[in-house]
Amino acid sequence: MGSAERGLFGQRGRLNSGSLTAMGVRVRLSHCVRPLSVAAALCLWGCDISNQPIDMRWVESNVFLTSYGEAPKHLDSASSYSNNETPWTYAIYEPPLRYHYLKRPYVLEPRTLTALPRVQYLDAQGKPLDASAPTSRIAQTVFELKVQPGILFAPHPAFARDSSGRLLYHQLREDDLRSIKKPSDFAEQGSRELTAADYIYAIKRLASPRVKSPVFGFLSEKIVGLAELGKQTRQVNDEIKSKLSPREAGPFGHLPWMDFREFDLKGVELVDTHTFRIHVKGKYPQFKYWLAMTFFSPVAWEVDAFYAQPGMSQKNLKPDSWPVGTGPFMLTENIPNARMVLSRNPHYRGGTYPCEGEPEDERKGLLADCGKRTPFVDGMVSILDKEGSSVFTKFIQGYYDTPQIERGESGIAFQVAIDDNTGRARDLVARKIQLPSTIQVGFSYFGFNWLDPVVGAGNTPEQKTKNRKLRQAIAIAFDFEEYVAIFEDNRAQVNHSAVVAGLFGHDTIKPNPVTHIMGPDGRARRRPIEDAKRLLAEAGYPDGRHAKTGEPLVINYDTTGVGPAYKARLDWVTKQFSKLNIQVELRNTDYNRFQDKMRKGSAQFFSWGWLADYPDPENFLFLLYGPNAKAKGDGENASNWQNDEYDRLFDRMKDMEDTPERAALIRRMGEIMQEEMPLLFGTSDEYGSALHQWVSNGKPSNIIRDNLPYLRVNAHLRAQMVREWNQPIWWPLWLLPLGLLAVCIPAWLAWKKRQARTALEEVRA
């Protein structure tokens, strides 16, 4: 008995110490006990665990939540022209005018002005003319603008001054920036009143050789003296560089600040502190629309000088990254590869929500906030999210108020899903997703580079003809009716010129006779592919091969885009070329690199899009205006097309009011572009928003970009819905302890059986 008791006691003792010996195998009960304890702790703690893609503090805050697919390249008001930059630029900067948020057709109204600009016409001697004077007599149009007094710039260290009035941060050394990552890192922030001189400084700065403004080439032909100022600034800049060492003048060197207050601009005059005038050549009615674009936003000389200091650019402290304006919001966080955050500008004077709009607006609830102070939200948090499926999922979950605030494709895609009862149509309906839509004034197109020897202008009359026939053959092969049916669910319109629907003169453009034939029913049908093959052979490429060398014809296609949906579109493009046995080399890059290629004129065939800056045909026809070529003047003529007759007609058309004479000019310009085919005119899509039920006042428009102040968010409802729709699933956590028990219990039973047998053997011994 004694020895048996010792044996059992000894085993118990080893059990208490956390181990046992059985069959010569050492087993630790802690391998079972401790994981069970951890699993239990996780289950208890799990009540507060969730996989939140967006911080719940933001979900519960009065901010607008959305995403962006690619970081904006330019936030500088002089350089920014891309659609993906507008959510920030139009929230931060304030051009003199804006569009009424609700009215259609679009109506301009003052933004920082006391009233709409006063317009006066002058003859060649500078004498005033009546508004009814013939265009031929008008030498200049003068726009007089009066700025509201008391408007303040957002807080920024560029304005900070000491007690004696000296600017604190305008004589910095690079060492002073060692711990600085963003403007708010400076201890002192300042502000000052907006004046007319700030608008004048901004206009002069468009002529800077250091700031590549995409509109300088065009505006230099409009604003009196701007072209001459451009030449002067380039000369001054060259003189500055000539006095520097090669290292200082190189790409990593530092150039001293150019103070544009010291330059004269004949066409812009300062009348008083809050009044200035802009002199425009001839009669140009569309100039009023430019005054609603961020190119004409004020720039404080203090900000320009602040960012021009040594070391600033290396620290990414520049207007392209940290813009400064007088608008309702200011950029307070800029991590391009993660997120960008807009916060309320504490100095903003506030606006008023409109009380009138279209007849249906009241029924839609768009007038409920009539007369209330804007902005309604305290800011916007935008998250980098490159994958469309990820954006869609987070939107459905409620973490994004809209997928991307500047884009309208998702709203239409969701409406299609509901109509067809596909995808997550039930979720869209059940979660009361709002899908307002409108007609988009814009188009997606394909372009040929006029500088390219194969698809461009051609060096000889014979080559010009052959290249034109090649472009025409490709134009026939690109079946945009098929594209609309496949990718747009027949919700887009096929274009026959660059004058899209919704613009004056659109109804004068006939179906393109190069690509279409009128049927007996009066409808235009795409020409058979045999017509394209005939043109291809006449161009010198029978069956897609060079007639002399026999080598296959290869077209390089530059584009941007990621994801399965875009892959399908690339496959469609390849299919169109394959109809002619033309090989295509895809060059898919990010948008920033794509823009660089276009500026250099190195692309051969490309796809791009254009959304109207203002609702006038001139804003589309200038996409093919020779002097506006992107490679030569950094304009918006991306194809670099040049046609003497077209340019002459454009020069006449652009200054005219909407008359039958103007319509006739537009019709002829349409015929020229149809024959020469510098573009494949592509499609114009519906434009729609996708907004959650807690967002109010959403009215989509690709013309109006400053919509953020008008949007209202019910953050309490959003947080409630996010929690309800994203209930955590905890039952898998209980599988962990059950699994551990399934392993430990058999081991324990085997041990217990072995112990009993061992004890019995000891007793018998």
Side-chain angles (χ1 to χ4, degrees), residues 73-81 93 153 156-159 166-174 176-177 183 192 194-220 223-270 276 278 294-325 599 633-634:
K73 185 174 183 179
H74 295 295
L75 295 179
D76 188 326
S77 59
S79 304
S80 177
Y81 209 7
Y93 295 116
F153 280 96
H156 195 272
F159 302 115
R166 183 180 64 89
L167 290 165
L168 284 174
Y169 302 120
H170 279 243
Q171 293 182 348
L172 298 174
R173 299 169 300 178
E174 292 191 36
D176 297 328
L177 302 174
R192 70 161 173 82
L194 170 68
T195 67
D198 298 314
Y199 281 104
I200 295 176
Y201 192 94
I203 297 172
K204 292 178 180 179
R205 190 168 171 268
L206 294 175
S208 172
R210 303 177 187 177
V211 181
K212 299 297 183 182
S213 178
V215 297
F216 171 74
F218 184 80
L219 290 177
S220 65
I223 299 176
V224 174
L226 189 59
E228 292 73 16
L229 177 61
K231 296 177 182 178
Q232 183 184 0
T233 57
R234 286 194 296 273
Q235 181 179 354
V236 171
N237 194 55
D238 291 341
E239 291 174 356
I240 292 174
K241 286 184 175 182
S242 68
K243 299 176 182 178
L244 302 175
S245 67
R247 179 180 177 277
E248 292 173 320
F252 300 103
H254 174 260
L255 297 176
W257 173 50
M258 290 180 67
D259 186 353
F260 285 94
R261 294 175 299 173
E262 299 177 356
F263 293 91
D264 291 326
L265 178 53
K266 184 179 179 181
V268 181
E269 59 177 305
L270 181 66
F276 68 106
I278 303 175
T294 52
F295 298 113
F296 285 87
S297 299
V299 173
W301 71 264
E302 296 95 332
V303 173
D304 196 36
F306 174 84
Y307 283 132
Q309 296 179 89
M312 285 285 183
S313 181
Q314 289 82 348
K315 299 286 291 187
N316 204 32
L317 295 168
K318 52 187 178 180
D320 269 336
S321 303
W322 298 102
V324 184
R599 290 191 182 97
D634 205 21

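Nothing fancy with the numbering, it's 1 onward along the sequence.
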| task | For atom CD of Q171, decide whether the heavy atoms of other residues, nucleotides or ligands shown that lie under 6.0 angstrom number more than 12. | result | no
| said: For the CZ atom of R210 and the CE atom of M258, what is their distance to the nearest 0.5 Å? | reply: 5.5 Å
| Y199 and F276 aromatic ring geometry - parallel, tilted or perpendicular at 30°/60° bounds | parallel
| CZ/R192 to NE2/H156 distance, rounded to the nearest 0.5 angstrom? | 13.0 Å
| remark: Value for CG (L270) from CD1 (I200), rounded to nearest 0.5 Å, stands at 4.5 Å
| field | Aromatic plane relationship, Y201 with F260 - under 30° parallel, 30 to 60° tilted, over 60° perpendicular | value | perpendicular
| said: Once rounded to the nearest 0.5 Å, what's the spacing between atom NZ of K318 and atom CE of M312? | reply: 13.0 Å
| message | Under a 4.0 Å threshold between the charged nitrogen and the carboxylate oxygen, would R261 count as salt-bridged to D259? | response | yes
| request: Taking all non-hydrogen atoms of both residues into account, name the closest pair between Y93 and S77 and its distance. | output: OH-N, 3.4 Å
| query | Is the backbone N or O of R173 less than 3.5 Å from a side-chain atom of Q309, with the two atoms forming a donor-acceptor pair by type? | reply | no
| query | Would a distance-only check, ignoring hydrogens and angles, find a side-chain to backbone donor-acceptor pair under 3.5 Å from Y307 to A158? | reply | no
| Any Lys/Arg nitrogen of K204 or D304 sitting under 4.0 Å from an Asp/Glu carboxylate oxygen of the other? | no
| task | With sequence neighbours left out, write down each residue that passes salt bridge (Lys or Arg N to Asp or Glu O under 4.0 Å) with D238, or none if nothing qualifies. | result | none
| Any donor-acceptor pair under 3.5 Å linking the side chain of K315 with the backbone of L177? | yes
